[in-house]
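Following: one structure in structure tokens, then a few remarks.
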There are 2 protein chains.
Amino acid sequence: MKTLEKSTPCELCMSRKFSLFSNLSEPHLCHLSDHKNFITHKKGQILFYEGTKPLGVFCINDGVVKVFKTASNGKEQIIRLAKKGDFLGYASLLGEESYSNSATIVEDAKICFVPRESFIKVLGEDTEFHRRVTKALCHDLGIMEDKLTDATQKSIRERLAFTLLKLSETYGIDGNEGEKINIILTREEIAGLVGTATETVIRLLSEFKKDELIDFEGKKILVLDKRGLARLSDFYG
Amino acid sequence: MKTLEKSTPCELCMSRKFSLFSNLSEPHLCHLSDHKNFITHKKGQILFYEGTKPLGVFCINDGVVKVFKTASNGKEQIIRLAKKGDFLGYASLLGEESYSNSATIVEDAKICFVPRESFIKVLGEDTEFHRRVTKALCHDLGIMEDKLTDATQKSIRERLAFTLLKLSETYGIDGNEGEKINIILTREEIAGLVGTATETVIRLLSEFKKDELIDFEGKKILVLDKRGLARLSDFYG
DNA sequence: TAATTAATGTGATATTTGTCATGTTATCTA
DNA sequence: TAGATAACATGACAAATATCACATTAATTA
């Protein structure tokens, strides 16, 4: 048994509000609460590996998790960063396949694990929930199409600028000078997000800083000029 | 009303056997048959445009359809080629969003259109069918992750070699000298599939031909050396 | 069939980006 | 706190690929 801790019951979980579990019935919530497993994870820990069999779904209560594929050249392509309220591993579970990707903790996380049986049970009994899951999958598919198109048709500079904008959208907090991307990512991880080499990210970030589009505050990035980044990130502003 | 033609009822449709509709009950099949719309499409015609609202799903009885996104530089990124038995437009429909991509006919096609209401009705009444649709979506998601990773981490040469292998897997017919990819794609379309410039495809194809990996027969490509292409398509053979 | 348009092919060139080598700084850990 | 390791940084360089311009061939249409 791993880290035992007082785990919030699903009925009272705040992060549930933003999740696919948001509209579940009382009995279903209780069922999940009774069967889930609450675990605290430290940065760097591994949630699951590509190629292994999913035994349930993960529901992030707090923290950040990176979902990535390891390419044949050894580099990590980050598929997405998952945060509070996000689900992990449900696509592989419902696709009845092995994990198509791996997941590791980027920021200390509290994660609930809902075993396969409970998840499937709720899915089968609550049609509305199944519909929402399907809808989420469809949405994710659209996002992946966008990412693929960007990957093949845009330059690294454009993609990096776009990535910074997206990060500031999700993790940005206002400061006196620009918006701070309140998450620590290594240059290598940013490279994995963009799909490029680490050195290229380092060089482009310095360039962006020189052009006063961004600045650094410790290990975090300040977005100074969103409009400028937006202009850089696309052919059309 | 468009091209009226004798349309096979779903119960007797052969291409249904390979499709998501394969295991539907008799009444549901009849319901679909009664409400579907059978249309013959010529090469070049448009099925739907990105940004418009889906009114139902398309089910391909015969032919080939390309599903693509138009990037901001005007180039087409082909998401997938859909063939007999494949569904189109269900992700946007179920995601309750506008079409995330466009679709046009690559090879003369016979396509059934199932209106939204009928599809949703069957989905709601047949849980098993809903499960299969979900499973298909999850599978597609995994494929998109692979494509994204390939797009960012592999060279154009590798991706083109891989694309040819995939095409021969799907559209290949055995001949006396190698396998013929029995579908006509322009170099521009192959470029859209790979995610590169047309000229690059032309040059690389000539190179592949010079290296006796492929040959041309009219507008079609013969795959002479699968093993060679496989070696080219990945760092590991 | 002529005229037009689309598709294919080729050359020249510039640029972006990856790779390798190496150094510096920060962070972790024994 | 010293030593080890990871992260960041920079230069030099090669290679892959996009772009532009233009020529040729094939396909379509008037």
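So you know, we letter chains A, B, ... as the sequences are listed, proteins then strands, and number each from 1.
- We find that NZ of A/Lys43 is positioned 10 Å from P of C/dT27, with the value rounded to whole Å.
- The distance between atom CZ of B/Arg159 and atom P of D/dT17, rounded to the nearest whole Å, is 8 Å.
- No close placement of the A/Phe38 and A/Phe113 rings is indicated, their centers lying 6.0 Å or farther apart.
- B/Cys13 and B/Asn61 get closest at one heavy-atom pair: SG-OD1, 3.5 Å.
- No side-chain heavy atom of A/Glu145 sits under 4.5 Å from any side-chain heavy atom of A/Leu148.
- Rounded to an integer number of Å, the gap from A/Leu160 CG to C/dT17 P is 10 Å.
- With a 4.5 Å cut-off on side-chain heavy atoms, B/Leu81 and B/Asp86 do not count as touching.
- Rounded to an integer number of Å, the gap from CZ of B/Arg157 to C1' of C/dG18 is 15 Å.
- What separates CD of B/Glu158 from P of D/dA15 is a distance of 16 Å, to the nearest Å.
- Taking the ring axis of A/Phe58 as reference, the NZ or CZ atom of A/Arg116 does not stay both within 45° of it and closer than 6.0 Å to the ring centre.
- Using a 4.0 Å cutoff on non-hydrogen atoms, the parts of residues 187-199 of chain A near DNA chain C are A/Thr196, A/Ala197, A/Glu199, ordered by number.
- Scanning residues 200-227 of chain B for heavy-atom distances under 4.0 Å to DNA chain C yields B/Ile202, B/Arg203, B/Lys219.
- Dashed line: the shortest gap from a side-chain N or O of B/Lys154 to OP1 or OP2 of D/dA16 is not under 4.0 Å.
- Between the CG atom of B/Asn73 and the C1' atom of D/dT19 there is a distance of 12 Å, given to the nearest Å.
- Geometric assessment of B/Lys154 against the ring of B/Phe162 yields a positive cation-pi assignment under the 6.0 Å and 45° thresholds.
- Distance, B/Ile184 CD1 to C/dT8 C1': 14 Å, rounded to whole Å.
- By the 4.5 Å heavy-atom criterion applied to side chains, B/Glu107 and B/Lys43 are not counted as neighbours.
- With C/dT8, D/dA7, C/dT17 as the choices, the nucleotide that has an atom nearest any side-chain atom of B/Thr186 turns out to be C/dT8.
- Two residues are said to be in side-chain contact when any heavy atoms from C-beta on lie closer than 4.5 Å; B/His41 and B/Asp108 fail this criterion.
- For the pair A/Leu213 and A/Val223, the minimum side-chain heavy-atom distance is 4.5 Å or more.
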